[in-house]
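The next block holds one structure in the form of structure tokens; read it before the comments.
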There are 2 protein chains.
Amino acid sequence: MSKTTNITIKDVAQSAGCGVATASRVLNNSGPASADVRERVERAARELGFSFSAIGRALQSRRSMTVGCLVPSLANPVFAEAVQGVQAVLLGSGYQMLISCSNYDAAADDAAIEMLLAKKTDALVTTMVDPDRSPALRLAKKRGIPISLMFHDPLDGFITSYVDNFEAAKEVARQFAGLGHRRTGFLALRFSTSDRSRNRYAGFHSECRTRGLPDPVLIEIGEAEANQPDLLAAILAQHPALTAIFASNDFLAIAVQKAARLLGWRVPQDLSVVGFDGIEIGRLLEKPLATIETSPEAMGRQAASSLLTMLQGGDTVQLPALPFAFRAGATLALPNPENGDDGRGATRPSPDLPAEPHAQQG
Amino acid sequence: MSKTTNITIKDVAQSAGCGVATASRVLNNSGPASADVRERVERAARELGFSFSAIGRALQSRRSMTVGCLVPSLANPVFAEAVQGVQAVLLGSGYQMLISCSNYDAAADDAAIEMLLAKKTDALVTTMVDPDRSPALRLAKKRGIPISLMFHDPLDGFITSYVDNFEAAKEVARQFAGLGHRRTGFLALRFSTSDRSRNRYAGFHSECRTRGLPDPVLIEIGEAEANQPDLLAAILAQHPALTAIFASNDFLAIAVQKAARLLGWRVPQDLSVVGFDGIEIGRLLEKPLATIETSPEAMGRQAASSLLTMLQGGDTVQLPALPFAFRAGATLALPNPENGDDGRGATRPSPDLPAEPHAQQG
DNA sequence: TTAAGTTGTGGAAACGTTTCCAGTGGCGCT
DNA sequence: AGCGCCACTGGAAACGTTTCCACAACTTAA
């Protein structure tokens, strides 16, 4: 019967008939050792099934080899993919990932960071409701812990991996305008707790202004409306004049189509819909979804890479925004002239849309 | 300037003018202390911004307050949701979650478990390629670490949270048979590394046999085919006689429809499609997806709950399988009599399907 | 008044590592 | 032979906690 209690390097040393210092040196290849003792230590370790305690190591070296990760939710594939990207980069580096979710709650955000700090994670990669206003995150920064944000626009003093939501939203406005849409709407879930949604709305709004179009209608909905098409349909019905809706994510864009169907509106003839994120499934739909294509996984990778270089002592600079691309689909078309009172007089643009990848400005 | 180095309980004790033992007792409320010294310690801790080092604690208490979690991939929403469930349960318990992904690789699985063991996680919740054959997992079990599996059918000596894939697949076969389908196929990705897929196929196959139907055709595809509809279409074209396909997950079911469209086959008239998992989006599609509805999040919750009771010393028993339900949709219909050479002679069943929730047998 | 508690306190050990340092012995020089 | 150098070795300190134990100073009961 092997002892149930964990075997430590002391046991190995004893079994090999040497001091712990020597055993440590052998097992880490961190110093000289005679072939004889080296052999004995290695055998002892093997026979006892020894493995280092990361805790003992962390205590002594003041490095836990752990990265803390905080995202709003893993139920959102966008964040899940980003975390997957982080994980992929970290995998070979020897770092492990401690993860936490805030469920879009700022207070939980702060508490989670505090937890991660207590665990002495060597670095932090997070997406928060409001990074600017988290005492714990500020503390982390003061302590000099490498921090890499995801999904957030550049923020004073933080490194971040992001897509330029403002620019991407402008592109959507351009697409709408190019087709002659005038009455547009912006549909968002959790608008208040998501700077991403807010930036998208801002960009969309700004470009509409620039083009002399009416301000887009901001339609905020809750979880209930997002999941129950009939509720969403009721809300949609309050805006019969709209000819195009920009949904702040693809899931919402699909829900809008369902709701429109319930109202007897045809997509895209009666209502054009464009999403955001570019989830894989959108491409496989009967009516492929027009959307802004992004890569959350690449975002996670970039964030993790930055973190690693910081951990290796190199100082990282803020990288430019990750690229996005407008993906053409079957949910976007000319506005129906019979629809509403605005579309009628609109100029008809050429029907072929540019759909090439769109690189960000540096 | 506050010192950049971490402040420890020793600093607090010194600043409060007492011993570390006293400081510890005060800060943990774990022993007597005079109101005077209590006040001084608390103030010192506050002013210095002290927070406990989880590492020091873990070393001394031999409990890391950390749970290790290993899943194949977070890019798969099913696993991401399960992890979210685990996280949700753990959140209030004081335990943190160390996460790792294997990318469906058995060797990586084992290595990851080893890592988690080195980090001295207090418990493990995992979904692996082959839990039965992982030395590291065996070691973990020998050490008496609480282990809770997810998505795996009951395994000797492991507690697991799961849906009865075999039974669920039988239900799909029943639905097909009830409508008169005879030539059926089972479409799977990563068949070899997923006991879930294999069990689903087994159940599907078994029920077809029971009903005297021809054996279903097993169609295994790779990543490439799953993501490129034209490739999948080419494969599908090799099986023109099939009137119904059971896809081992919803994503695949949607891809099949896309591929069928490319071939000019109509769903469900020419080809019925049923998926598995019950992802939310399936419900919102123009043609709502018929599927087996499950709740990965509930699975994660159950697994985490079991873990917690084990950690609290209670011994947990294997719980029954989680419920699933067949969700009717628009992708399932009678076989087209003009299609193939088998459907023609099939008996016509009553067209109204039972779609009520189906509880598992204990 | 003394014995027996009770309460408050801090020193020190232990947890599992790594690393500094001092010590040993062998070797090749002069 | 004497010297320094080198390879090798192990004791001990340190990392941040908690907890055992001993002790002091009271309070209470006889």
Side-chain angles (χ1 to χ4, degrees), chain A residues 3-42 44-45 48-66 94 115 117-122 143, chain B residues 3-42 44-45 48-66 94 115 117-122 143:
Chain A
K3 55 196 297 194
T4 174
T5 169
N6 278 325
I7 43 98
T8 76
I9 199 171
K10 211 174 294 183
D11 301 319
V12 173
Q14 189 170 359
S15 161
C18 67
V20 286
T22 305
S24 172
R25 271 188 302 258
V26 169
L27 263 14
N28 290 299
N29 259 319
S30 61
S34 67
D36 174 41
V37 71
R38 168 159 271 135
E39 144 74 12
R40 268 168 21 228
V41 167
E42 263 154 10
L48 269 54
F50 169 79
S51 76
F52 282 109
S53 159
I55 302 213
R57 276 187 157 167
L59 185 59
Q60 129 75 27
S61 68
R62 245 114 41 225
R63 309 178 77 248
S64 65
M65 296 307 281
T66 289
M115 276 285 194
L117 285 185
K119 291 270 184 185
K120 304 290 177 222
T121 55
D122 295 334
R143 289 210 190 142
Chain B
K3 58 198 292 194
T4 172
T5 170
N6 278 325
I7 44 101
T8 77
I9 200 171
K10 210 174 294 183
D11 300 319
V12 173
Q14 189 170 359
S15 161
C18 68
V20 286
T22 305
S24 172
R25 272 189 301 258
V26 169
L27 263 14
N28 290 299
N29 258 320
S30 62
S34 66
D36 173 41
V37 73
R38 170 159 270 135
E39 144 73 12
R40 263 164 27 223
V41 167
E42 263 154 8
L48 269 54
F50 169 79
S51 78
F52 282 109
S53 158
I55 301 212
R57 277 185 155 168
L59 185 60
Q60 125 77 28
S61 68
R62 245 110 43 221
R63 308 178 76 248
S64 65
M65 296 308 281
T66 288
M115 275 287 193
L117 285 185
K119 291 270 184 184
K120 303 290 178 225
T121 56
D122 295 336
R143 289 210 190 142

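Contact annotation for B:Ser53: backbone-only contact, meaning every heavy-atom pair under 4.0 Å involves sugar-phosphate atoms and none involves a base. Residue A:Ser51 is classed as a sugar-phosphate contact, given heavy-atom separations below 4.0 Å to backbone atoms only.
Under the side chain to side chain contact (heavy atoms under 4.5 Å, CB included) rule, B:Ile55 has a single partner from A:Lys120, A:Arg57, A:Gln60, which is A:Lys120.
Distance CG (B:Leu59) to P (C:dT17): 9 Å, rounded to an integer number of Å. Rounded to a whole Å, the CG atom of A:Leu27 is 13 Å from the P atom of C:dT19. Taking atom NZ of A:Lys10 as the reference point, atom P of D:dA12 lies 12 Å away to the nearest angstrom. Note: CD1 (A:Ile9) to P (C:dT17) measures 6 Å, nearest angstrom. Here C:dT17 presents its C1' atom at 9 Å from CZ of A:Phe50, a figure rounded to the nearest Å. Residue A:Ile55 contributes atom CD1, which lies 14 Å from atom P of D:dT18 at whole-angstrom precision. The nearest whole Å value for the distance from the NZ atom in A:Lys119 to the C1' atom in D:dG16 is 15 Å. For A:Gln14 and C:dT17, the CD to C1' distance is 17 Å, given to the nearest whole Å.
When each of A:Asn28 and B:Gly56 is assigned the nucleotide of DNA chain C bearing its nearest heavy atom, the one mapping closer to the 5' terminus is B:Gly56.
Considering only heavy atoms from C-beta on, B:Thr66 stays 4.5 Å or farther from B:Asp122 through its side chain. When side chains are defined from C-beta on, A:Ser24 counts as touching A:Ile9, because their heavy atoms get closer than 4.5 Å.
For A:Asn6 and C:dG16, the shortest distance from a side-chain N or O to OP1 or OP2 is not below 4.0 Å. The phosphate of C:dT18 (OP1 or OP2) has no side-chain N or O of A:Ser61 nearer than 4.0 angstrom. Phosphate contact (OP1/OP2 of D:dT18, side-chain N/O of B:Arg57, threshold under 4.0 Å): present.
Interatomic distance, CG of A:Asn6 versus OG of A:Ser51, reported as 7.5 Å (0.5 Å rounding). Atom-to-atom distance recorded for A:Ile7:CD1 and A:Ser15:OG is 10.0 Å, nearest 0.5 angstrom.
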N/O-N/O pairs, protein side and nucleotides 7-10 of chain C side, under 3.5 Å:
| from | atom 1 | to | atom 2 | distance (Å) |
| --- | --- | --- | --- | --- |
| C:dT9 | OP1 | B:Ser34 | OG | 2.9 |
| C:dT9 | OP2 | B:Ser34 | N | 2.8 |
| C:dT9 | OP2 | B:Ser34 | OG | 3.1 |
| C:dG10 | OP2 | B:Gly19 | N | 3.0 |
| C:dG10 | OP2 | B:Thr22 | OG1 | 2.8 |
| C:dG10 | N7 | B:Arg25 | NH2 | 2.9 |
| C:dG10 | O6 | B:Arg25 | NH1 | 3.0 |

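Residue pairs meeting the salt bridge (Lys or Arg N to Asp or Glu O under 4.0 Å) criterion with at least one member in residues 18-36 of chain A, sequence neighbours excluded, are A:Asp36-A:Arg40.
Between the side chain of A:Thr121 and the backbone N or O of A:Leu117 there is no donor-acceptor pair closer than 3.5 Å. Put simply, the side chain of A:Lys119 gets close to the backbone of B:Ser64: a donor and an acceptor are under 3.5 Å apart.
For the helix from C:dT1-D:dA30 to C:dT30-D:dA1, the terminal axes (five pairs an end, C1' atoms, rotation from four pairs onto the next four) enclose an angle of 60°, given to 10 degrees.
More than 12 heavy atoms of other residues, nucleotides or ligands lie within 6.0 Å of CD in A:Glu42, so this atom counts as buried by the packing criterion.
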